[in-house]
Amino acid sequence: MAIEENEFINIRLEKLAGIREMGIAPYPPHTPERLPVEVLRTTGETEDVLSTSGRIMAKRKHGKTVFCDITDPTGRIQLFINKKNLDEESWELLGKMDLGDIIWVSGALFVTRTGELSVRVGTLLLLAKAARPMPVVKTDADGEVHDSVSDPDFIYRHRCIDLMLNETSKSRFIARSRIISAIRNYLDSDDFLEVETPVLQQIYGGAAADPFVSHYNSMDEDCYLRIATELYLKRLVAGGIHRVYEIGKDFRNEGVDRTHSPEFTQLELYEAWTDYNGMMTRFEDIVQAAAGAAGVGPVVQFAGHEIDLTPPFKRVPFVPALHEKSGKNLFDWDAARLSALAAELGLGDDIKDRPALLDKLFDHYVTPGLIQPSFVVDYPVELSPLAKQKDDDPRITERFEAFIAGLELANAFSEQNDPIYQREILEKQATGSEYRSGVADEEFLYALEVGMPPSGGLGIGVDRLVMVLTDAMSIRDTILFPYLRREQ
RNA sequence: GCGCUCCUGGCUCAAUUGGCAGAGCAACGGACUCUUAAUCCGUGGGUUCCGGGUUCAAGUCCCGGGGGGCGUACCA
């Protein structure tokens, strides 16, 4: 496919041809020595000839003088380009330069009459001609912004433009990377080992979502993209790697919304000799480290709330909280009664099983009130097939989910390590699934049979953590290249 | 998946009840040696997402399709 035809691109392609005719390479392979824009800025006025390079973001022509603003990742600086300071050829080249072009300049630094530090350009080189125009963002005297690119579809499809023009977006992605580094640093320095487990799986597990199905040609068998890393990581705990984690993509073949993406980044960590209480501390620590890396906290703005990230986070026991908020002892109700209540509340009349109903009602009564960081603890056993039951009440498991502003950020348990009990649960789950063809993950069960020490496990939605720490209202704003429908 | 809603030059947005498709920025030509939304003079640019329909007349109303946004459902 050839480059798109439009008036603006054609004009630039003509200029490009003109530049080639002048014998100038519009895409030279090397950049001459340069200093970051920021260094020029801090240097200030000097007769020394300094060099830098960047993208032309503004061009103001005044006959024989042209002012340009160029930017690099460290900042913006004005160029003062006067015909008498340039050779003939460079002046002609300047005429063929457009907003968006990437150039190299050198010259002394001086302050203009209006007080702007500028490069008095003596040498001008083209490093890369922009063939496509980019939207020009300008702020007028009234502070009104012209041409900011706000169409979400445009931003997601052309993230390069978004990063160039929207400072919030750029700093959010920088924060994201720093958050992930900080998590690694925290865990590595506490003797956790980072591992990589399979993305392509023959039997998927560790969560309840539908998988993406693929096919391995040379073995002629179907396989799945992982929906969680849980079952592999626990096999490693059984094998003696007692502090282990993985940060990676999970894939879930479910709907997309503000808080769900079909591929998303999850941290899962497992730690022997501890339980879900230990995981609460880990979560609190990780949030602290992440906030520090993002340059925010202890109080952050998110979704219109002031969120105080100072630990310890609130503990909200599932059954009592549901009782309190609903005014009814719902945990003792049977499925039929719960179903009737759900229908009455407009939560749908198609839900039949008790655990799903309890979860639904909890979401209705309790979750919206969980604005400050909270751990919902001690879930009904039916909702938590991989968690250990409490000593004093087998109907309840040692499990928590972490919420901030109603958003679920983490899920953790005291890990189930009873191989007999776990087998029952997984075999039941396997026969109830359209993809599992009745097969449970025997290798995982094998590991439990060999023996896994009592352990805590924690899964954190990294994209969602980034949302909270950078005040993003959509998970797509935290993912550089979110999945979008094919353009027609 | 369902509901509501939006789609107009490159970008951001106008267009009364259905009545000649416009503006700012960007672009092109010209003037201009300290500007910063530079300014001034001039010019071009539209299958109004696509396909049907109603009408003397459709950006606007109706039907179908595509894409987006929001909500909702699924996601232990």
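In what follows, every chain begins at residue 1, and chains take the letters A, B, ... in the order their sequences are listed.
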Given 3.5 Å as the limit, does a donor-acceptor pair link the side chain of [X] with the main chain of [Y], or not?
{"X": "A:N329", "Y": "A:H323", "result": "no"}
{"X": "A:E268", "Y": "A:T229", "result": "yes"}
{"X": "A:Q416", "Y": "A:L386", "result": "no"}
{"X": "A:Q266", "Y": "A:E246", "result": "no"}
{"X": "A:D162", "Y": "A:S169", "result": "no"}
{"X": "A:K129", "Y": "A:K96", "result": "yes"}

Would you say a side-chain N or O of [X] is under 4.0 Å from OP1 or OP2 of [N]?
{"X": "A:R132", "N": "B:rG10", "value": "no"}
{"X": "A:K64", "N": "B:rA31", "value": "no"}
{"X": "A:R60", "N": "B:rA38", "value": "yes"}

Would [X] count as a cation-pi partner of [Y], with NZ or CZ less than 6.0 Å from the six-membered ring centre and within 45° of the ring normal?
{"X": "A:R354", "Y": "A:F331", "answer": "yes"}
{"X": "A:R399", "Y": "A:Y379", "answer": "yes"}
{"X": "A:R120", "Y": "A:F110", "answer": "yes"}

- Between A:E38 and A:T74: side-chain donor-acceptor atoms closer than 3.5 Å: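 No, A:T74 and A:E38 have no side-chain donor paired with an acceptor closer than 3.5 Å.
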- Item | Distance between C1' atoms of B:rA58 and B:rG19 (Å, rounded) |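 These two C1' atoms come out 10 Å apart once rounded.
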With a 4.0 Å cut-off on heavy atoms, is [X] in touch with a base, just the backbone sugar-phosphate, or nothing at all?
{"X": "A:K61", "answer": "base"}
{"X": "A:G205", "answer": "nothing"}
{"X": "A:R12", "answer": "nothing"}
{"X": "A:A356", "answer": "nothing"}
{"X": "A:A209", "answer": "sugar-phosphate"}
{"X": "A:P385", "answer": "base"}
{"X": "A:E382", "answer": "nothing"}
{"X": "A:F80", "answer": "base"}

- Task: Write out the stems for RNA chain B, ordered by first number and formatted as range with range, counting runs of at least 3 consecutive Watson-Crick or G-U wobble pairs under 3.5 Å.
- Result: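 Stems (3+ consecutive pairs) listed as B:1-7 with B:66-72, B:10-13 with B:22-25, B:27-31 with B:39-43, B:49-53 with B:61-65.
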- Item | Most 5' of A:D359 and A:P152 on RNA chain B, judged by nearest nucleotide |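 Looking at RNA chain B, the more 5' nearest nucleotide goes with A:P152.
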- Message: Assuming nearest nucleotide by heavy-atom distance, tell me which of A:D98 and A:K84 is located more 5' along RNA chain B.
- Response: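 Taking each residue's closest nucleotide, the earlier one in sequence belongs to A:D98.
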- With the sugar-phosphate defined as primed atoms, P, OP1 and OP2, and the base as all remaining atoms, what B/S/- string results for nucleotides 45-51 of chain B, 5' to 3', for protein heavy atoms under 4.0 Å? S------
- Using heavy atoms and a sub-4.0 Å distance, could you list which residues of residues 396-408 of chain A are near RNA chain B? By number, please.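 Within residues 396-408 of chain A, the residues near RNA chain B are A:R399.
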- Which residues, if any, of residues 106-116 of chain A bring a heavy atom under 4.0 Å of RNA chain B?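 RNA chain B contact set from residues 106-116 of chain A: A:F110, A:T112, A:R113, A:T114, A:E116.
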For [X] and [Y], work out which heavy atoms get closest and say how close.
{"X": "A:L86", "Y": "A:T123", "answer": "CD2-N, 4.3 Å"}
{"X": "A:R41", "Y": "A:I77", "answer": "NH2-CA, 3.8 Å"}
{"X": "A:Y204", "Y": "A:Q201", "answer": "CA-OE1, 3.5 Å"}
{"X": "A:S261", "Y": "A:I475", "answer": "CB-CG2, 4.1 Å"}

Using a cutoff of under 3.5 Å, can you pull out all pairs of nitrogen or oxygen atoms linking the protein to nucleotides 70-74 of chain B, with atom names and distances?
unit_1	atom_1	unit_2	atom_2	d
B:rC74	OP1	A:K360	NZ	3.4
B:rC74	OP2	A:K360	NZ	2.9
B:rC74	O2	A:E254	OE1	3.3
B:rC74	O2	A:G255	N	3.3
B:rC74	N4	A:D257	OD2	3.4

- Task: List for me each residue that meets side-chain hydrogen bond (donor to acceptor under 3.5 Å, both in side chains) alongside A:Y156, sequence neighbours excluded, and say none if there are none.
- Result: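 side-chain hydrogen bond (donor to acceptor under 3.5 Å, both in side chains) check on A:Y156 returns A:D477.
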- Item | Atom-pair distance (CG on A:N10; P on B:rA26), nearest Å |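 It is 21 Å, rounded to the nearest whole Å.
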- Rounded distance (Å) that lies between atom C1' of B:rC34 and atom NZ of A:K83: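 Taking atom C1' of B:rC34 as the reference, NZ of A:K83 is at 18 Å.
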Nearest to the side chain of [X], heavy atoms from C-beta on, is which of [options]?
{"X": "A:L99", "options": "B:rA26, B:rA76, B:rG69", "value": "B:rA26"}
{"X": "A:K15", "options": "B:rG68, B:rA26, B:rC28", "value": "B:rC28"}
{"X": "A:N82", "options": "B:rG68, B:rU33, B:rC34", "value": "B:rU33"}

- Message: Using the ring centroid of each side chain, check whether A:Y245 and A:Y270 are separated by less than 6.0 Å.
- Response: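 That pair fails the under 6.0 Å test.
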- Would you say the ring centroid of A:F375 lies under 6.0 angstrom from that of A:F313?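 Judged by ring-centre distance (under 6.0 Å), A:F375 and A:F313 do meet the cut-off.
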